[in-house]
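Only one structure is covered here, and it is reproduced in the block below.
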Amino acid sequence: MENQTRQPGTLPALLYLACNLLGLALCLFTLSEMWEYRPILHLMLSRIAVVNLFGGLVPMWGLFALLALVTLTGIIKTIHLLWTLRTGAPIPGLALRFRAAFYLGSGCLFVCVFILSTPESFSGPFRLRHPVAAWITASLACGLWWLLPQLRFRLSDRAVARIDLVAMNVCLALLLAELTLRGAALVWASPLLVTDSTSSQIRRQSERMAPGADRFSFPINSQGFYDTEFLPPEERSRPLVVTIGDSFSYGVVPHHFHYTTVAERAFPGAEIYNIGFPGTNPTDYLAHVTEDALPLEPDLIVIALYVGNDLAPEPPSVSPIRWYDADSYLLGVVWHRLRILRVAQANNWTQGEEDSSSGDLIERYPWLADPSLEPPSLGQEIYFEMAARNAYLGTADHPGVYEGFFAAMYRIERAAGDVPLAFMLIPDEFQVNDALWEVVVKRNKLPLQRDLPQQKILEWAAEGNRDVLDLLPLMRAVPPLPDGQRHLYHLRDGHFNARGNEVAGRALAGLIARRFAAKDDTVTELSLPEPRGAGRMSVGEATVVVQEFGALIKELGVNGKTVYPDSALGASKQEIKTAIVTVLKGGVAAKQPDFYRELASILAFFQPGIGGDGVSLDAVRADQTTWRPIVEAEMRENVRFVASGAQP
């Protein structure tokens, strides 16, 4: 088609030389990556049925040989081009060669985005798991580009022109489709189009399921929330509590096992309405307060704060999206989501038409009762990456992160006005799971402080006398199952499973009961969350627990400078705190109330992970922090727990 020549030394000729040199560098880089990731490469090839026909390591070494041949071709082509430039010979068809480079580059991107990238779930991420596959694809495209001049001479000018026209139109069509989807995403609230950059309002609307839609055999209410119908004030006979949050509020368990439902059963003295959607943040919580909660005229609003991505609307990523990931292109994201929907329809993934009993639900979803049966939600590598990102955001103490977060909290407080407000802190799994914590520490270069989010928020709460329920110590107090794990989160998911919702629900019931106990003396008995497996205590039982704890303190000679292993305690911390409150309310401690309240403070000096008889309060832990801030934060929480629970 184009046989015009370019004189050597002109800008197009130099650009063509630069393209050859870049292609050659890419091939050399790919060979080094292939050598470094030989086991992964062998694993990738072993999953291809046709390749497996050759058996063993032959396909991998064959691919090495092919890339080496491509690299050799690039070296020969580059030397020949340098000689051509030196002798002043013309370079035929430069414009066509540049267009061919554009077509092959687009084809390489197409393969990476639509074929090699894989979805972890409907919401993503959509990524190429092994980057070496992208570099191999790009190198093969370079090899084909170097061979095109030979192919060009075998085709007629008419055939080349047609191929050129078709390739250009395909590239333009893909570009136009991408731009169209990006424009639609700005105004259309569709789950297909939601990305990290989607506006807050559109993201909320996209997650709002249609009224009556089934979720774990429970119908979505008329407002689009995962709860029973919201009644107007004149039709309610009990105080109303509205909880607002993100995917933890939306939940990944049936409604019967969700923490708000658990809280209603534990404290029937109030109605609890659940408002929340996946992927939302404090900006959305502000909108939910003004648009959804306040019109219901609630007696209390509880903001459920997940100390992961709630700390910042756009958390910094440990592993940014890359050019070869489908996440970088809305067309690729929509393509993968449509494929997931087609598979779901083919498998007839439907749910029941009405709510079921807990027994029916457990029979249908056995993992509700046995966490060992939980299917993983994400691949291990992707989940570890997400956990490392959240740890990097919340526990590395970045300047400005918490300032922006607290500014958002102030806006929510102003919007709530005279309506009482409380905050429930939902810990990240790495704060509860020691094995996961070790993984995220290894994946972060900055020093991490495991409990930093809770420390920061509790300090902020103390300054303004705010009511904060910290779930972290309660989660850590849950005894592990026989395999040594607490199993409070779904497997590689990051959200509470049924066990985690049970702990959160009972704790929420305690918070609500304390707020309404002064208004209704009939609910005073329920002012404390019941410890899991322990039940409520009588005054006699509580006295024994407190006496045993006092005897242990006397034996150790607690001096306020040493942190002791919590394994030395004869009961869980939650049981001891409950016992202290029971003793105070039962009048047994009437002559020494200050002493018993001081016991709650001393309880904080018993921590997990202490070897031997004890360590200094200022001893440096594995994460380069000391025990002091952890103990001090728990002291404040314990004192607040006992004071609020034991008030007359």
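- With sequence neighbours left out, Phe29 forms a side chain to side chain contact (heavy atoms under 4.5 Å, CB included) with Ser32, Glu33, Trp135.
- Side-chain contact between Leu452 and Val307: absent, with no pair of heavy atoms (C-beta onward) separated by less than 4.5 Å.
- One finds the CG atom of Leu14 at 11.0 Å from the SG atom of Cys19 (value rounded to the nearest 0.5 Å).
- When the ring-ring contact (aromatic ring centres under 6.0 Å, His included) test is applied to His487, no partner is found at least two apart in sequence or on another chain.
- When every heavy atom of Leu67 is checked against every heavy atom of Thr30, the shortest pair comes out as CD1-CG2, 4.3 Å.
- Of all non-hydrogen atoms in Leu311 and Tyr402, the two that sit nearest each other are CD1-OH, 3.8 Å.
- Between Ser117 and His336, some side-chain heavy-atom pair lies under the 4.5 Å cut-off.
- Residues satisfying the side-chain hydrogen bond (donor to acceptor under 3.5 Å, both in side chains) criterion with Thr73, sequence neighbours excluded, are absent altogether.
- Not one N or O on the side chain of Arg486 forms a donor-acceptor pair closer than 3.5 Å with the backbone of Leu481.
- Taking 4.5 Å as the limit, some side-chain heavy atom of Pro131 sits within range of a side-chain heavy atom of Tyr324.
- In plain terms, the two heavy atoms of Pro371 and Asn497 that are nearest each other are CB-ND2, 4.2 Å.
- Side-chain contact check for Arg127 versus Glu385: some heavy-atom pair is nearer than 4.5 Å.
- Remark: Phe496 engages Phe248, Tyr489 in a ring-ring contact (aromatic ring centres under 6.0 Å, His included) (not counting sequence neighbours).
- Pairs passing the salt bridge (Lys or Arg N to Asp or Glu O under 4.0 Å) check and including a residue from residues 170-180, sequence neighbours excluded, read Glu178-Arg182.
- For the pair Phe126 and Asp325, the minimum side-chain heavy-atom distance is 4.5 Å or more.
- Expressed to the nearest 0.5 Å, how far CZ of Arg99 lies from CG of Leu104 amounts to 13.0 Å.
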Assess whether salt bridge (Lys or Arg N to Asp or Glu O under 4.0 Å) is satisfied between Arg476 and Asp451, documenting all intermediate values. CA-CA 12 Å; Arg476 289 177 175 170; Asp451 298 348; 2.6 Å; yes
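- Under the 3.5 Å distance criterion, with hydrogens and angles disregarded, a donor-acceptor pair is assigned to the side chains of Asn390 and Tyr306.
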Audit row: Leu82, Leu17, side chain to side chain contact (heavy atoms under 4.5 Å, CB included) steps and yes/no: CA-CA 8 Å; Leu82 288 170; Leu17 175 62; 3.8 Å; yes
Go through it in stages, so that I can follow the logic: the residues are Ser247 and His495, the test is side chain to side chain donor-acceptor pair (under 3.5 Å), and I'd like the CA-CA distance, side-chain angles, deciding distance and then a yes or no. CA-CA 8 Å; Ser247 50; His495 297 95; 2.6 Å; yes
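- For the atom pair CG (Asp327) and CG (Leu128), the distance works out to 11.0 Å, reported to the nearest 0.5 Å.
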Between Leu305 and Tyr285, does a side chain to side chain contact (heavy atoms under 4.5 Å, CB included) hold up when you go through it step by step? CA-CA 10 Å; Leu305 296 170; Tyr285 304 162; 4.1 Å; yes
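- One finds the CG atom of Leu186 at 11.0 Å from the CG atom of Leu181 (value rounded to the nearest 0.5 Å).
- Applying the side-chain hydrogen bond (donor to acceptor under 3.5 Å, both in side chains) rule to Tyr226 yields no partners; only residues at least two apart in sequence or on another chain are considered.
- For Thr395, the side-chain hydrogen bond (donor to acceptor under 3.5 Å, both in side chains) test picks out no residue, with sequence neighbours left out.
- Contact check for Gln380 versus Val439: no side-chain heavy atoms found under the 4.5 Å cut-off.
- Ala498 approaches Leu368 most closely through the heavy-atom pair CB-O, 3.4 Å.
- Among all heavy-atom pairs drawn from Asn281 and Asp310, the shortest one is CA-OD1, 3.7 Å.
- No donor-acceptor pair under 3.5 Å is formed between the side chain of His490 and the backbone N or O of Ser377.
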Test side chain to side chain contact (heavy atoms under 4.5 Å, CB included) on Leu488 and Glu429 and set out the steps. CA-CA 8 Å; Leu488 300 173; Glu429 185 178 6; over 6 Å; no
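- Side chains of Gln431 and Gln454: a donor on one and an acceptor on the other come within 3.5 Å.
- Applying the side-chain hydrogen bond (donor to acceptor under 3.5 Å, both in side chains) rule to Trp146 yields the partners Asn20; only residues at least two apart in sequence or on another chain are considered.
- Partners of Ile163 under the side chain to side chain contact (heavy atoms under 4.5 Å, CB included) rule, at least two apart in sequence or in another chain, are Leu155.
- Pairs engaging residues 85-115 under the ring pair (Phe, Tyr, Trp, His ring centres under 6.0 Å) rule: Phe110-Phe114, Phe114-Trp335 [sequence neighbours left out].
- In this structure the side chain of Gln485 never reaches within 4.5 angstrom of the side chain of Pro480, judged on heavy atoms.
- When all heavy atoms are compared, the tightest approach of Ala138 to Leu26 is CB-CD2, 3.6 Å.
- The list of ring pair (Phe, Tyr, Trp, His ring centres under 6.0 Å) pairs with a residue in residues 62-92, not counting sequence neighbours, reads Trp61-Phe64.
- Using a 4.5 Å heavy-atom threshold, the side chains of Leu472 and Leu425 count as separate.
- Going from atom CG of Leu176 over to atom CG of Asn169 covers 11.5 Å, rounded to the nearest 0.5 Å.
- Between Tyr365 and Trp367, the ring planes are tilted. Angles from 30° to 60° get that label.
- Cys108 contributes atom SG, which lies 11.5 Å from atom CG of Leu144 (distance to the nearest 0.5 angstrom).
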Run the numbers on Arg450 and Asp434 for salt bridge (Lys or Arg N to Asp or Glu O under 4.0 Å), then give the verdict. CA-CA 10 Å; Arg450 193 176 185 182; Asp434 294 335; 2.9 Å; yes
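- With sequence neighbours left out, Trp145 forms a ring-ring contact (aromatic ring centres under 6.0 Å, His included) with Tyr16.
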Residue pair Asp370, Leu373: steps toward the side chain to side chain contact (heavy atoms under 4.5 Å, CB included) verdict: CA-CA 6 Å; Asp370 185 356; Leu373 301 177; 3.7 Å; yes
